[in-house]
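Values reported hereafter were calculated over all heavy atoms of this structure, with side chains retained and with hydrogens, waters and symmetry mates removed. FYI, the numbering just counts along the sequence from 1. Read the numbers this way: they start at 1 and go in the same order the structure lists the ligands and their atoms.
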Amino acid sequence: MTMLEGRTGKWEVVIGLEVHAQVISNAKLFSGASTEFGAAPNSQVSFVDSAMPGMLPVLNERCVAQAVRTGLALGAAINLHSVFARKNYFYPDLPQGYQISQYEEPIIGEGEILIDLADGETKPVGIERLHMEQDAGKSLHDQSPNQSFIDLNRSGVALMEIVSKPDMRSADEASAYVTKLRSILRYIGACDGNMQEGSLRCDANVSVRKPGGELGTRCEIKNVNSLRFLRQAIEYEAMRQIEIIEDGGKIDQETRLFDAGKGETRSMRSKEEAHDYRYFPDPDLLPLELTPDFVEAQRATLPELPDEKKARFMADYGLSPYDAGVLVAERETADFFEAVAKGRDAKLAANWVISELFGRLNKAGRDVTDSPVSAESLGGLVDLIADRTISGSIAKKVFDEMFESGREAADIVEEQGLKQVTDTGAIEGIIDQVLADNADKVAEYRGGKDKLFGFFVGQVMRASQGKANPQLVNELLRRKLDG
Ligand code: ADP
Ligand code: MG
């Protein structure tokens with residue numbers, strides 16, 4: 001277990017996350033206005049979204065379907081009966097004066113996410129609930145020195161708030177949780193997971209306690225919009241709380257903000273100042289009643305999920321938990337790998353996809369969907385390695401060239417004469433030359449300086465421009481030097 005070290009000994013960090021995920025749907029939760037990102041301000045606002053008097057919300061079935069699909073993907077209880085409630089507060093970008101949300105009776109109950117940890121282990125993290133709610137608009141303070149503007153395009157867009165149990169014990173686990181949740185949401189197409197654009201935002205509840213003690217008082221850090229900030233915010237906040245307690249103080253339950261510039265959290269409001277939202281069931285909306293058939297119809301739309309895929313990759317392809325986890329993180333990546341691995345040595349294919357292709361794509365700032373080397377082409381390269389036409393080190397050079405030019409491995413090998421030399425006679429010729437050129441070293445080697453063997457291998461490989469089959473070089477050299 002990860003512990004933090006304080007003056008008075010070890011401390012355990014306890015984290016629960018509340019994630020807001022924007023639902024993928026053409027229209028908003030209660031209106032027909034478009035949800036497209038990046039449109040001109042206030043160009044996607046219906047009378048419902050701007051809260052004109054007398055307008056009535058009409059629930060978007062697609063959004064309900066997405067919430068149910070998410071609940072099923074999280075192995076969660078689907079509540080056939082749920083209730084929309086008004087959450088009342090004033091904010092300039094909330095024209096209704098309340099948000100339609102769900103409170104005591106959410107659409108989704110308890111579930112679980114298996115998070116993948118660095119050592120290949122997994123850990124279950126409980127889901128407390130998932131409810132649907134409307135997003136608010138956006139206040140723009142940076143357009144003018146003395147005025148603020150309101151953009152209501154986001155007003156009324158459907159969000160799912162996914163609340164975890166306080167089951168995480170480190171910044172790493174919190175980050176792994178968001179990563180896995182994001183992966184699942186993207187697999188099922190319920191949320192695009194784009195943290196930069198704000199489609200996935202997260203509030204972190206953090207407390208500390210002595211190992212095994214009672215849960216401590218928590219602080220909630222609002223609106224963390226990247227995994228890096230999430231880690232920083234948790235680590236900073238945990239140490240802040242530890243120092244206060246060790247100095248004899250106590251933690252006030254409060255809402256805090258993470259200042260990314262300073263890398264610290266600071267108080268936003270205390271519990272006493274906390275909003276009283278005066279929740280009550282929205283009189284404009286009937287309770288939401290789902291039929292078991294509707295739920296089953298949603299289940300039928302779910303793809304193979306990341307955990308299932310990972311298990312299958314380990315069983316069918318013999319991959320390690322780590323490699324399988326990397327490959328299934330994105331659906332597109334998993335599909336790409338399967339296309340390369342089909343009918344080939346899967347471990348070799350996995351290696352090339354993970355180490356070489358991902359490395360190059362990362363450097364180029366691209367992803368697998370616009371890879372200059374297609375799965376078929378990479379498969380062609382893997383074939384040349386598997387049948388020993390080229391060696392592993394030559395293959396890397398060929399791959400670089402494929403990445404630059406988009407050409408096929410076989411063409412590059414042919415054109416540049418890169419075929420591996422497996423002709424014993426040819427290799428023996430090179431060896432004889434190398435030994436003749438280095439007679440002094442040969443004498444030293446025979447005099448007991450074993451380490452020189454590597455030097456001879458290197459010279460022979462160099463003389464063959466990397467094309468000599470390394471096993472043969474080793475074998476033949478041994479025979480000539482030791483025999
Ligand atoms: P509230 O009803 O005040 O919103 P919840 O019980 O719903 O509080 O918890 C909100 C979030 O805070 C959940 O993600 C939960 O896991 C987390 N949480 C609750 N207690 C603690 C604690 N002592 N330390 C850290 N996180 C906590
Ligand atoms: Mg709560």
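On a distance-only criterion, Pro166 and ligand 1 share at least one N/O pair closer than 3.5 Å. At least one N/O-N/O distance between Ser207 and ligand 1 falls below 3.5 Å. Considering backbone and side-chain N/O atoms, Glu18 never comes within less than 3.5 Å of an N/O atom of ligand 1.
Residue Gly216 has at least one heavy-atom neighbour below 4.0 Å for each of these atoms of ligand 1: 23 (N). Remark: ligand 1 atoms within the under-4.0 Å shell around heavy atoms of Lys165 are 16 (O). Heavy-atom contacts of Val163 reach the following atoms of ligand 1: 13 (C), 14 (O) (cutoff under 4.0 Å). The distance from ligand 1 to the heavy atoms of Val14 drops below 4.0 Å at these ligand atoms: 24 (N), 25 (C). Within the listing of ligand 1, atoms 23 (N) sit less than 4.0 angstrom from a heavy atom of Leu215.
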Quick one: do Lys210 and Thr8 satisfy side-chain hydrogen bond (donor to acceptor under 3.5 Å, both in side chains)? Show the steps, please.
CA-CA 10 Å; Lys210 285 286 179 181; Thr8 61; 3.2 Å; yes
Carefully, step by step, assess Phe258 and Tyr236 under the rule ring pair (Phe, Tyr, Trp, His ring centres under 6.0 Å).
CA-CA 9 Å; Phe258 179 65; Tyr236 176 89; 7.8 Å; no
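Side chain of Arg256 to backbone of Thr265: a donor-acceptor contact under 3.5 angstrom is found. Without hydrogens or angle criteria, Asp151 side chain to Asn42 main chain gives a donor-acceptor distance under 3.5 Å.
Ring to ring, Phe280 and Phe84 are not that close: their centroids are 6.0 angstrom or more apart.
Annotation: cation-pi geometry satisfied between Lys87 and Tyr277 (NZ/CZ under 6.0 angstrom from ring centroid, within 45° of ring axis).
Every residue meeting the salt bridge (Lys or Arg N to Asp or Glu O under 4.0 Å) condition with Arg360, not counting sequence neighbours, appears here in chain and number order: Asp400, Glu404.
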Would you list the atom pairs, donor with acceptor, under 3.5 Å between side chains in residues 109-118 and any protein atom, with sequence neighbours excluded?
residue : atom : partner : partner atom : Å
Glu110  : OE2  : Lys165  : NZ           : 2.5
Asp116  : OD1  : Lys310  : NZ           : 2.8
Asp116  : OD2  : Lys180  : NZ           : 2.9

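Of all the heavy atoms of Asp167, none lies under 4.0 Å from any atom of ligand 1, so neither backbone nor side chain is involved. With a 4.0 Å cut-off on non-hydrogen atoms, Asn205 touches ligand 1 through its backbone as well as its side chain.
Here atom 3 (O) of ligand 1 lies nearest to Arg218 when heavy atoms of Arg129, Arg218, Glu128 are compared.
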